[in-house]
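This report concerns only the one structure given below.
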Amino acid sequence: MLNLPTFDDVSAAAKRLEGHAHRTPVMRSRTADNALGAELFFKCENLQRMGAFKFRGAFNALSKFDERQRRAGVVAFSSGNHAQAIALSASLLGISATIIMPHDAPAAKVAATKGYGGKVVIYDRYTEDREAIGRKLAEEQGLTLIPPYDHPDVIAGQGTAAKELFEEAGALDALFVCLGGGGLLSGSALSARALAPQCKIYGVEPATGNDGQQSFRSGSIVHIDTPKTIADGAQTQHLGNYTFEIIRRDVDDIVTASDEELVDCMRFFASRMKLVVEPTGCLGFAAARGMKAELQGKRVGIIVSGGNVDIDRFAALLAG
Ligand SMILES: *Cc1c(COP(=O)(O)O)cnc(C)c1O
């Protein structure tokens with residue numbers, strides 16, 4: 001039996017994050033409200049420290065390290081936002097961080113991780129197994145491995161964004177959450193069930209990578225090949241054991257959005273709301289637009305999960 005995190009763990013995480021994470025704004029758009037015939041509340045985690053909600057889970061997990069773990073350090077593997085979240089949180093807490101990244105990770109991401117004080121270990125994506133490298137480092141140097149989503153402290157930390165949203169917006173009828181491995185969705189579900197029991201909770205995946213939807217419908221975790229999508233933060237191959245248990249218990253449905261719809265949303269956020277949102281961060285809004293008929297007159301929360309997109313890539317996607 002897994003010991004699943006609860007809303008009490010989310011509340012404890014919120015206390016640990018006070019004064020360290022930004023309480024990000026909840027933004028409104030009359031244009032979006034009119035287009036959907038609903039009241040929309042955008043929780044802007046693209047404006048979180050390091051540019052995504054992942055700071056919340058990483059900082060919470062590292063804050064709970066004991067003295068031995070702090071002295072030895074943390075290890076993580078990621079080419080994306082989790083790497084930067086761990087590196088920044090570790091440096092704020094005076095813990096050393098080792099990040100295992102693929103040889104073809106974008107130079108900007110490697111530089112950002114180093115800039116936050118992380119030690120970067122490069123591996124060959126095609127010939128080496130990053131999990132084996134991580135385990136070896138953990139054993140040899142006593143490092144603690146923090147995974148990007150399937151960890152109770154990470155889930156509890158991610159749940160603090162939705163907690164803030166409900167505190168500020170009040171009860172909502174529906175909540176849309178971007179879905180990769182499910183840390184953000186399961187944490188958000190813990191907050192929603194505690195603070196707005198009637199709220200419908202939807203996870204949103206890229207249409208080409210709907211392993212979560214398949215898992216939700218079949219009742220067991222489905223594995224897929226790395227999906228082709230511009231939503232690089234949701235290119236996960238499967239849900240986690242913790243995240244799946246919470247999702248199947250608390251989430252109402254999992255829906256999908258196409259890359260084209262994501263680009264449309266990026267354009268809307270930039271031109272109407274002056275927000276730079278990465279493709280993955282658009283999943284929630286894209287799905288809400290697709291469910292316009294069901295949302296008439298409803299109060300709808302949308303978690304905008306991150307804004308880390310190379311500006312040239314951003315321009316190319318909008319031009320394409
Ligand atoms: C990691 C990430 C996600 C997906 O989060 P999970 O907890 O893996 O489901 C969504 N959006 C952004 C911007 C991310 O970095």
Side-chain angles (χ1 to χ4, degrees), residues 5 10 13 24 42-58 60-61 76-88 106 109 112-113 146-162 175-191 201-206 209-213 215-216 221 226-227 229-244 246-247 251 254 256-257 262 265-266 269 275-287 302-310 313-314:
V10 179
T24 53
F42 296 94
K43 177 65 171 168
C44 293
E45 287 295 298
N46 57 314
L47 302 177
Q48 185 52 264
R49 289 185 82 165
M50 56 63 53
F53 71 91
K54 286 222 173 57
F55 178 72
R56 297 173 181 269
N60 186 49
F77 36 71
S78 163
S79 53
N81 289 332
H82 180 61
Q84 293 172 59
I86 289 285
L88 174 59
K109 293 236 162 117
T113 305
I146 297 295
Y149 52 85
D150 205 23
H151 188 294
D153 300 335
V154 172
I155 293 168
Q158 317 304 34
T160 59
L175 178 67
F176 288 84
V177 185
C178 317
L179 171 58
L184 182 62
L185 177 59
S186 54
S188 300
L190 295 177
S191 290
I201 307 166
Y202 299 99
V204 189
E205 284 180 312
N210 72 336
D211 61 284
Q213 187 179 54
S215 306
F216 187 77
I221 299 174
T226 301
T229 168
I230 59 169
D232 48 19
Q235 276 180 312
T236 39
Q237 293 171 276
H238 56 85
L239 298 177
N241 295 316
Y242 289 96
T243 59
F244 180 59
I246 296 170
I247 288 169
V251 168
I254 296 182
T256 64
L262 298 181
C265 290
M266 286 170 69
F269 280 131
L275 294 174
V276 174
V277 182
E278 63 183 278
T280 315
C282 293
L283 283 163
F285 184 38
I302 290 167
I303 305 221
V304 179
S305 58
N308 289 331
V309 51
D310 181 88
R313 177 160 178 258
F314 185 80

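We count ligands from 1, going down the list as the structure has it; atoms in each ligand are counted the same way. Along the sequence shown, the residues carry numbers beginning at 1. Quick caveat, the model's predicted, so the values are computed rather than measured.
- Which parts of ligand 1 touch Gly306 is read off a 4.0 Å heavy-atom cut-off, strictly below it: atoms 13 (C).
- Of the heavy atoms in Glu278, only side-chain atoms (C-beta onward) come closer than 4.0 Å to ligand 1.
- For the atom pair CG of Leu239 and CD of Glu205, the computed distance is 6.5 Å after rounding to the nearest 0.5 Å.
- The closest donor-acceptor contact from the side chain of Gln158 to the backbone of Gly57 lies under 3.5 Å.
- Remark: ligand 1 and Gly281 share no N or O pair separated by less than 3.5 Å (distance only, no angle test).
- A donor-acceptor pair under 3.5 Å is absent between the side-chain atoms of Gln235 and the main chain of Thr226, judged by distance alone.
- Relative ring orientation between Phe285 and Phe269 is described as tilted, the plane-to-plane angle lying within the 30° to 60° band.
- The CG atom of Asp232 lies 8.0 Å from the CG atom of Asn81; values are rounded to the nearest 0.5 Å.
- In terms of modelled atom types and a separation under 3.5 Å, the side chain of Asp153 and the main chain of Asn60 share no donor-acceptor contact.
- With hydrogens and angles left out, the side-chain atoms of Thr24 and Glu45 include a donor and acceptor closer than 3.5 Å.
- Protein heavy atom closest to atom 5 (O) of ligand 1, with residue, atom name and distance, is Phe53 CZ, 3.4 Å.
- For atom 8 (O) of ligand 1, the closest non-hydrogen atom on the protein side is Gly181 N, 2.9 Å.
- The shortest contact between atom 2 (C) of ligand 1 and any protein heavy atom is with Lys54 NZ, 2.4 Å.
- Look at Gly182 and you'll find a heavy atom under 4.0 Å from some atom of ligand 1.
- Between the side chain of Asp310 and the main chain of Arg313, a donor-acceptor pair closer than 3.5 Å is present.
- Heavy-atom proximity to Gly233, at under 4.0 Å, picks out these atoms of ligand 1: 1 (C), 2 (C), 3 (C), 4 (C).
- Remark: ligand 1 and Gly183 share an N or O pair separated by less than 3.5 Å (distance only, no angle test).
- Here's the thing with Asn81: one of its N/O atoms is less than 3.5 angstrom from an N/O atom of ligand 1.
- Looking only at heavy atoms of the protein, atom 13 (C) of ligand 1 is closest to Ser305 OG, 3.3 Å.
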